[in-house]
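What you see below is based on every heavy atom in this structure, not just the backbone, and it leaves out hydrogens, waters and symmetry mates. All values reported here derive from a predicted model rather than from experimental measurement. We name chains A, B, ... by the order of the sequence lines, and we start the count at 1 in each one.
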Amino acid sequence: MTLLDARSITMRFSGIIALDDVSITVDSGELVGLIGPNGAGKTTFFNCISGLLRPTSGRVVFQGTDITRMPVYGRARKGIARTFQRTELFGGMTVRDHFLVAERAHNRRGGLLKDVLNRGAPDADETRRANSTLELLDLTGDADRPIEALSLGRGRLVELGRALMTEPALLLLDEPSSGLDTQETHEMGELLRHVQREKGTAILLVEHDVEMVRRFTDRLYVLDFGTLIASGSTESVMHDADVQKAYFGDLV
Amino acid sequence: MAFAGGLLLGTTQAVLSGYLPLNSVFTAGVRPALPFFALFALLLFWPLLRRGREAADPLAGVDPPPPGLAARTRSRTMTLAIRILGICVGVGFVLVSLFGLDSFWLLLMTQALVFATIFLSITVITGMGGQVSLCQATFAAVGAFTTGQLVERFGMSVLLTMVIGAALAAAVGAVLALPALRLGGVYLALATLAFALAFESVLLPLDWVGAGTSGLPVPRPVVGPIDFADERAFFLLCLVVLGLVATFVTLLRRGTTGRFLDAIRGSEPAAASIGINPFRSKVVAFAVSAGIAGLGGSLLAMLQGQANPLSFATFFGLFWVVIVSTLGTRTIEGAVYAGFALVLVPEILEGIGVPASFNFVLFGLGALTYARHTEGIVEFQSRRIVGAIDRLFGFGGGEADTSGGNQEDDLVASDVEAAVNP
Ligand SMILES: Nc1ncnc2c1ncn2[C@@H]1O[C@H](COP(=O)(O)OP(=O)(O)OP(=O)(O)O)[C@@H](O)[C@H]1O
Ligand SMILES: [Mg+2]
């Protein structure tokens with residue numbers, strides 16, 4: 001079943017065309033890669049899907065509904081979660097607080113009156129869900145440390161966990177392995193596969209690490225200068241001559 | 001650096017007053033206002049200046065995360081010790097005020113409590129909501145004049161009108177926030193200032209609002225056998241109101257409302273990406289803040305026996321924002337200290353024979369310190385002191401201040417490293 005259907009997305013910034021007529025689909029439960037050289041427009045595409053940017057033209061359809069004009073939080077509530085290339089964490093909060101606030105935002109309980117009646121504190125169920133995500137990501141040891149005390153790699157895990165707490169149908173990950181070493185990158189890949197299989201979450205992955213892309217994605221889209229230059233199964237795309245030239249040229 | 005800045009401000013004032021014609025209206029207006037202009041430039045443009053450096057990244061337009069509250073990073077023993085000390089000081093203060101002070105000082109103490117209540121509105125909008133509002137005095141005025149009008153025209157009970165005034169102020173706050181929040185940042189601050197000035201010059205003179213410049217009489221409430229015209233009884237009433245508002249703010253901060261606002265302050269795009277509606281959260285913060293200001297404004301009018309437009313002048317409201325920002329917007333204590341500072345500092349300066357203009361030098365110093373430690377002096381110093389005591393006695397607490405940046409911060413940060421990983 002088609003989960004995300006981005007149709008002819010064009011994004012123009014004053015002068016530059018960051019995305020030119022890009023169409024991408026993601027089915028439920030798929031792990032799809034989106035690759036391309038620096039400045040190709042990958043992050044811009046994510047911003048168009050998650051709602052931080054409104055495309056100049058084109059439509060974003062999610063679970064059969066047109067969400068092109070929906071605000072960021074509305075899309076989040078519909079089941080689109082994301083992480084950021086430059087981590088966007090909540091300063092001053094602990095790791096556990098990140099998960100609890102995401103949980104609260106997801107199930108939308110609470111409000112002024114509940115706070116005043118001191119019902120704002122996390123209940124047993126919320127605590128349990130936060131704990132299980134902490135465990136999944138192996139963050140239990142850091143649960144009560146403020147976010148500033150964590151390394152970049154741990155920070156990326158916290159972003160992933162925060163996104164998972166909203167129980168997304170589609171997870172957009174913007175270079176989750178950047179700043180991680182080989183071992184951590186591999187663990188991140190395994191983790192994504194685990195999430196995809198266990199929770200049935202579809203993942204769209206922007207990634208520079210060729211090994212990770214090769215091992216963990218089923219399908220690939222390749223962007224170059226804002227246009228899609230290739231798409232198909234990971235195997236076939238990686239052998240495509242144009243892709244080799246545009247993307248792997250300096251590597252192979 | 002702060003000292004040099006203060007000197008600079010002082011000198012500029014002196015020089016300006018040398019060149020400007022004496023006794024002109026302009027001099028009288030400009031001289032005392034200079035530190036305000038300096039501070040407002042800072043308040044308004046400081047985030048913008050920092051932002052400029054990172055403008056290349058579209059997601060970078062978010063302030064660096066505020067450091068965690070000192071209270072969160074100290075050890076249990078320390079927290080307990082501080083709490084006991086706090087209770088002792090509080091009880092002592094109340095007893096001394098009630099039985100040890102003459103009516104002049106008791107009045108000042110009551111005034112400090114009322115201002116502390118009003119200042120909690122700044123704790124909500126700036127400390128929790130991360131917005132600079134320059135019309136808190138206007139919200140207070142809405143509360144005060146609603147009370148005045150309802151009592152005068154309909155003879156309603158004063159305590160009831162106080163609640164109505166707060167509700168009306170909250171509504172005004174929400175309605176103002178709807179368009180103003182679309183602007184964001186500096187423009188939001190300017191929009192609130194514009195609203196404050198417009199209210200002052202257009203609405204306030206109207207018969208059904210401020211009734212000219214003479215003010216409206218506001219009586220003290222009478223509840224059963226208790227007549228709050230008695231200064232001691234009124235002191236206790238103000239204490240209770242402050243206590244209730246402080247509890248309310250604490251509950252909000254700990255609850256969902258506060259957590260969402262924390263998240264939005266930390267990163268607005270990320271907060272939205274997990275399903276938080278930042279606009280709605282900020283409107284709520286504005287409404288709550290305006291409501292608290294309105295409540296405090298009614299109380300101030302009762303204290304003074306009248307709702308006087310002069311007490312709610314826009315300029316005075318700017319002073320409020322600055323003094324709370326200087327002492328700390330993120331804690332209840334910050335607002336309480338600011339209330340006392342506002343009332344007591346001029347008295348103390350006069351008492352030790354310092355010319356009143358030194359008020360402004362102090363103020364400039366405070367402003368510059370604020371620019372460096374945006375969490376406020378109270379918060380900054382309490383982190384340092386708590387951290388030091390914790391280490392001294394080996395309580396095992398400590399802070400995780402990684403803000404870095406300048407020399408002093410680095411020093412703290414390295415101390416902290418040592419405390420966290422011995
Ligand atoms: N808000 C913006 N305003 C103007 N130009 C932008 C904006 N966001 C992105 N761009 C431009 O759009 C193009 C695509 O940028 P984008 O960040 O999407 O690339 P990317 O594929 O994510 O690159 P990288 O691999 O470096 O992250 C770049 O030329 C960039 O300068
Ligand atoms: Mg990118």
dist A:Phe84:CZ -> A:Leu52:CG (nearest 0.5 Å) comes out at 5.5 Å
What parts of residues 277-287 of chain B touch chain A if we use heavy atoms and a cut-off under 4.5 Å?
-> B:Asn277, B:Pro278, B:Val284
Taking all atoms of both residues into account, what is the closest heavy-atom pair of A:Arg12 and A:Thr56, and its distance?
-> N-OG1, 2.7 Å
Using side-chain contact (heavy atoms from CB on, under 4.5 Å) as the criterion, list what pairs up with A:Leu180, not counting sequence neighbours.
-> A:Glu184, A:Thr185, A:Met188
Does A:Arg54 CZ have over 12 foreign heavy atoms under 6.0 Å away?
-> yes
Side chain, backbone, both or neither of A:Ser50 within contact of chain B (heavy atoms, under 4.5 Å) | neither
Do we see a donor-acceptor contact under 3.5 Å between the side chains of A:Asp21 and A:Thr10?
-> no
Engaged part of B:Phe248 at the chain A interface, taking heavy atoms whose separation is under 4.5 Å = side chain
Hey, are A:Asn107 and A:Glu103 close enough side-chain-wise for a donor-acceptor pair under 3.5 Å?
-> yes
How about residues 67-79 of chain A versus chain B: which residues have heavy atoms under 4.5 Å apart?
-> A:Val72, A:Tyr73, A:Ala76, A:Arg77
In terms of side-chain heavy atoms, does B:Ser273 have a donor or acceptor partner in A:Arg82 at a distance below 3.5 Å?
-> no
Minimal non-hydrogen separation, A:Cys48 against A:Val60, with atom names = O-CG2, 4.1 Å
Where is the tightest heavy-atom contact between A:Ile147 and A:Phe90, given as atom of each residue plus distance?
-> CG2-O, 3.8 Å
A:Gln196-A:Thr201 side chain donor-acceptor pair, cut-off 3.5 Å = no
Short side-chain donor-acceptor distance under 3.5 Å, A:Arg156 and A:Ser178 = yes
Nearest-0.5 Å distance that lies between atom CZ in A:Arg129 and atom CG in A:Leu164 | 10.0 Å
Closest contact, heavy atoms only, B:Ser289 versus B:Gln136 | OG-NE2, 2.9 Å
One option among A:Val101, A:Ile80, A:Thr87 has the most heavy-atom pairs under 4.5 Å with chain B, and it is A:Val101
Pull out the residues in residues 167-181 of chain B that come under 4.5 Å of chain A, heavy atom to heavy atom, sorted by number.
-> none
Heavy-atom closest pair, residues B:Gly127 and B:Arg265 | O-NH1, 2.9 Å
